[in-house]
2 protein chains.
Amino acid sequence: MGKLTAQAIAERALEIGDAEGLDAVTIRRLAAELGVTPMALYWHFKNKDQLLAGMADHLIAGFAPQPADERPWQEQLRDLTVGLIRTLRAHRCARDVFERVGQVAVPNYLAVWNRALGLGRTAGFSADESCLISQYLLRSAIAIADAPGHSRDEQEVRARRAGLQALPPERYPFIVEMAAPLAGGMDPELYDTFGVDLVLAGIEALAARRIQSEP
Amino acid sequence: MGKLTAQAIAERALEIGDAEGLDAVTIRRLAAELGVTPMALYWHFKNKDQLLAGMADHLIAGFAPQPADERPWQEQLRDLTVGLIRTLRAHRCARDVFERVGQVAVPNYLAVWNRALGLGRTAGFSADESCLISQYLLRSAIAIADAPGHSRDEQEVRARRAGLQALPPERYPFIVEMAAPLAGGMDPELYDTFGVDLVLAGIEALAARRIQSEP
DNA sequence: ACCTGAACACCGTTCAAGT
DNA sequence: ACCTGAACACCGTTCAAGT
């Protein structure tokens, strides 16, 4: 049967996380599913944080950012963003994983980050600004990937909508009014395009301002 | 001495979270510090998730968004954003709290969200778009509030920078090059203004596009 | 190199009982 | 209404030992 390898462990952990949430991913539970003693996992990952990092790394392993080319940076940045989003979409628990993980410990994530940083520089941003932009872009991509309305049970959406509609309308009039889209009943197409447009529009606007104020 | 009230519990929990990280905030630990049995807390909060929600609520209790006025929505949205950021800055663990909490269970957060939704509508966005914009704006504000470079020990920054500089430069050239600002050695002023500008510029750009395509 | 067994120091939570 | 005591079913991790 499949040997016990860091890869296999991370894969199984992601399966559990996708199915039952990241809290269900436990060293002991994971070991039990792999037919092994909890301590066996400690040979492959020195602790649980490393396991999380391994999950995150395996998550974006399939996404190798393309090397820089001659197209305008806006296009390349958009490609990087939608590529990352598409990759993260493969696992429901992706967002939770990246929230709990130390990003520096995830080589494949660093590669994407590095690429975003480079594109920031070619866009004309300073080093400091490129740092902010890249972190902002990647964070937003992760948030967009975790779309409500994408691959969620009808029942869950309905429950959330009911919860929002039960709020006092005199205190939260807009939330009650827009309970349906807030709960996840939104066009997935709109969600993706609009989200990416929003993030990129901000970056492009600031880039344009820079050029203006710089003779 | 101070009575054991939900308020006092949430306050003490935030203190622990600020000082030692949110993982240190434990029912048992918290009870011990309050000189009480762990079970005592279960009278005030029905479980740990509710405690987290209580912490989040207490966190933004001091920030009541101003009612809508006659100024342009851009200004009002900016005020809301910087106000929220300033409030969150009061507690180091704010970001972690909001990552772990179900936002619907936090009344004061819902009030801010409701306000952002309303401003989205007056900006001319559809219901769906306003949902996306508001969530995006609040998420970004939380991220910006948790600034690296703001109120962090020198030692921590130095350690992170060393970690980044130790990465293989042929694989992550830009990360290694910009290790200093990435680790948190950035002008706090720039961090704040640039971050808020970035988010608002994106929203304003999309609002402008809408107007253009809509006679 | 790779895994097991037993043990330690923790968790959140329930349930019955006290005042 | 507000809190305690004892117990249950879990955690992550260390350390010595096996093969």
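Letters go in sequence order (proteins before strands), and every chain restarts at 1.
Atom NZ in B:K46 sits roughly 13 Å away from atom P in C:dC15 (whole-Å rounding). Distance A:M39 CE to C:dA7 C1': 10 Å, rounded to the nearest Å. Atom-to-atom, CH2 of B:W43 to P of C:dG12 comes out at 21 Å; the value is rounded to the nearest Å. A straight line from CG of A:D49 to P of D:dC11 spans 17 Å, rounded to a whole angstrom. In this structure, B:Y42 atom OH and C:dG18 atom P are separated by 22 Å, rounded to whole Å. We find that CG of A:L22 is positioned 15 Å from C1' of D:dC11, with the value rounded to whole Å. Distance B:L4 CG to D:dC3 C1': 9 Å, rounded to the nearest Å. In this structure, the CG atom of B:D23 is 17 Å from the P atom of D:dC11, given to the nearest Å.
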- [ ] Using a 3.5 Å limit on both pairing distances, list the dot-bracket string of DNA chain D from the 5' end; Watson-Crick and G-U wobble pairs count, crossing pairs take [ ], interstrand pairs take |.
- [x] ||.|||||...|||||.||
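Although no hydrogens or angles enter the test, the distance criterion places no donor-acceptor pair under 3.5 Å between the side chain of A:Q135 and the main chain of A:L132. Judged purely by atom type and a 3.5 angstrom limit, B:D128 has no side-chain atom pairing as donor or acceptor with the backbone of A:M186.
No more than 12 heavy-atom neighbours from other residues, nucleotides or ligands sit within 6.0 angstrom of CZ on A:R86.
Considering only the side chain of B:I27, C:dT13 comes nearest among C:dT13, D:dT13, D:dT4. You'll find that the side chain of B:K48 is closest to C:dT13, out of C:dT13, D:dG12, D:dT4. Nearest nucleotide to the B:R29 side chain, out of C:dC11, D:dC15, C:dC3: C:dC11. You'll find that the side chain of A:R28 is closest to D:dG12, out of D:dT4, D:dC15, D:dG12. Candidate nucleotides C:dT13, C:dA1, D:dC15 were compared by shortest atom distance to the side chain of B:N47, and C:dT13 ranks first.
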TODO: Evaluate the salt bridge (charged side-chain N to carboxylate O under 4.0 Å, His left out) criterion for residues B:R89 and B:D192: first the C-alpha distance (whole Å), next the side-chain angles of each, then the deciding distance (0.1 Å), finally the verdict.
DONE: CA-CA 11 Å; B:R89 280 275 162 72; B:D192 286 12; 3.0 Å; yes
Open item on the list: Is there a side-chain hydrogen bond (donor to acceptor under 3.5 Å, both in side chains) between A:D69 and A:Q76? Walk through the geometry before answering.
Closed with: CA-CA 8 Å; A:D69 55 36; A:Q76 299 188 54; 3.1 Å; yes
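OP1 or OP2 of C:dC3 has at least one side-chain nitrogen or oxygen of A:H44 nearer than 4.0 Å. Between A:T26 and D:dG12 there is a side-chain N or O to OP1 or OP2 distance below 4.0 Å.
Using a cut-off of 4.0 Å between Lys/Arg side-chain N and Asp/Glu carboxylate O, A:E99 and A:R95 are scored as salt-bridged.
Note: B:W73 and B:F125 have perpendicular aromatic rings, judged against thresholds of 30 and 60 degrees for the angle between ring planes.
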